[in-house]
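Below is one structure, written out as structure tokens; comments come after it.
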Protein chains: 2
Amino acid sequence: MIRLGKLTDYGVGLMTRMARDGADEQTNARDLSGRTGMPLPTVSKILKLLCQGGLLESRRGVGGGYTLARHPRDISLADMVGVLEGPMALTECAGEGDCKCEYLADCGLQRQWAGINRRLQATLASVTLADMAAETDSCPTLEGKGA
Amino acid sequence: MIRLGKLTDYGVGLMTRMARDGADEQTNARDLSGRTGMPLPTVSKILKLLCQGGLLESRRGVGGGYTLARHPRDISLADMVGVLEGPMALTECAGEGDCKCEYLADCGLQRQWAGINRRLQATLASVTLADMAAETDSCPTLEGKGA
DNA sequence: GGCATAAAGTACCAAAATAATCCTAAATTT
DNA sequence: AAATTTAGGATTATTTTGGTACTTTATGCC
Ligand code: FES
Ligand code: FES
């Protein structure tokens with residue numbers, strides 16, 4: 001089915017909301033939880049991960065919270081997915097050098113998988129948070145290059 | 001991590017082997033199991049699924065087995081992944097009409113997700129079984145369009 | 001007709017990945 | 001010092017996946 005994890009889905013949703021609310025606005029986990037209806041622990045966890053991944057910046061203590069680390073135009077979907085799901089590796093083979101495949105030894109598919117992997121990642125990299133946050137019906141990036 | 005299921009990985013490997021062995025050759029589960037080292041039950045299961053999905057054709061009984069339903073050039077990676085993993089739906093939203101998202105109600109991301117979904121699928125659709133089976137180092141499809 | 005072979009269908013169990021929660025520590029403001 | 005808010009880690013429960021087994025149906029051969 002090739003489905004992203006729920007956390008990733010939620011994470012993109014949260015970042016989109018932050019982007020819409022203003023690129024420089026600060027918000028905190030409790031606030032976002034309240035506005036989205038998502039349970040606070042989950043929101044906290046996701047924001048924490050996004051911060052570790054360098055996509056958000058944090059301020060602790062009273063009045064603390066999170067802000068976007070970069071402008072929405074400079075944060076790609078690939079960044080977000082990468083942080084929340086780890087590096088894309090479609091198959092065992094798709095990684096770089098060592099294929100420790102149990103079966104199909106030397107099936108010679110590494111090159112192909114790696115190429116496909118690269119292309120999929122490029123697609124994700126071409127979509128920015130700004131694109132996701134755009135509320136207009138016509139999104140240049142998404143509609144223009146579509147297939 | 002965006003990883004395909006093992007069964008999908010194996011399935012593509014099996015079909016690739018079949019394509020390499022000749023587009024019209026017939027083979028059976030036991031034979032393929034022997035050649036790849038994969039356990040017979042698993043091979044059976046995968047071939048069965050591929051057959052149900054219309055990618056293979058089967059002949060029962062003595063001397064029976066499986067053959068490719070179409071020429072490798074006419075079987076895409078999207079076909080194979082679709083059969084073995086179900087229809088691609090990156091997120092809850094990505095499907096067609098109804099978003100029964102628990103949280104983030106009306107986050108307005110359906111259009112974006114659907115577009116991304118379409119583009120990823122198009123990428124998979126552009127790779128054929130023939131491309132996968134090609135043993136040459138330069139694969140027109142994969143290398144030419146790469147990013 | 002009966003037997004051997006091979007796929008089709010169904011069901012089940014085990015293992016792994018994921019989601020969700022909780023708790024304690026550290027930082028920062030008032 | 002007290003209150004707030006993130007950081008980090010660990011735990012538990014749920015779902016998905018992978019793997020296996022068993023029974024049934026179809027086909028060819030003797
Ligand atoms: S599965 Fe490892 S080389 Fe193909
Ligand atoms: S999660 Fe359903 S509309 Fe966005």
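What you see is a predicted model, and the numbers here were worked out from it, not measured in a lab. Proteins come first, then strands; the chains are lettered A, B, ... in the order of their sequence lines, and each starts at number 1.
We find that CZ of B:Arg59 is positioned 13 Å from C1' of D:dC29, with the value rounded to whole Å. Note: CG (A:Asn28) to P (D:dA3) measures 18 Å, nearest angstrom. Here the P atom of nucleotide C:dT21 and the CG atom of A:Leu47 are 15 Å apart, to the nearest Å. For the pair B:Leu50 CG and C:dG9 C1', the computed distance is 16 Å after rounding to whole Å. Between the CZ atom of B:Arg3 and the P atom of C:dA16 there is a distance of 14 Å, given to the nearest Å. Across the protein-nucleic acid pair, A:Lys45 atom NZ and C:dC23 atom P stand 15 Å apart, rounded to whole Å. Look at CG on A:Asp9: it is 11 Å from P on C:dA20, rounded to the nearest Å. At whole-Å resolution of the value, CZ in A:Arg60 and C1' in D:dT6 are 6 Å apart.
Residues A:Thr91 and B:Arg3 are not in side-chain contact: their nearest non-hydrogen atoms beyond the backbone lie 4.5 Å or more apart. In this structure the side chain of B:Met18 reaches within 4.5 angstrom of the side chain of B:Leu32, judged on heavy atoms.
Between A:Arg30 and D:dT6 there is no side-chain N or O to OP1 or OP2 distance below 4.0 Å. OP1 or OP2 of C:dA8 sits under 4.0 Å from a side-chain N or O of B:Ser58. Contact annotation: B:Tyr66 side-chain N/O to C:dA8 OP1/OP2 distance is under 4.0 Å. Remark: A:Thr42 is in phosphate contact with C:dT21, judged by side-chain N or O atoms under 4.0 Å from OP1 or OP2. Contact annotation: B:Gln52 side-chain N/O to C:dA7 OP1/OP2 distance is not under 4.0 Å.
Of the candidates C:dA8, D:dG19, C:dT5, C:dA8 carries the atom nearest the B:Lys48 side chain, counting heavy atoms from C-beta on. The side chain of B:Val62 approaches C:dT5 more closely than any other nucleotide in the set C:dT29, C:dA6, C:dT5.
A donor-acceptor contact closer than 3.5 angstrom is absent between the side chains of B:Arg17 and B:Thr27. A donor atom on one side chain and an acceptor atom on the other are not found under 3.5 Å apart for B:Thr67 and B:Arg59.
Closest-nucleotide positions on DNA chain C for A:Gly63 and A:Pro41 were compared, and the one nearer the 5' end corresponds to A:Pro41.
Formation of a donor-acceptor pair under 3.5 Å by the B:Asp131 side chain with backbone atoms of B:Thr128 is found in this model.
Among the protein residues, A:Leu7 comes within range of the sugar-phosphate backbone only, with heavy atoms under 4.0 Å from sugar or phosphate atoms but none that close to a base.
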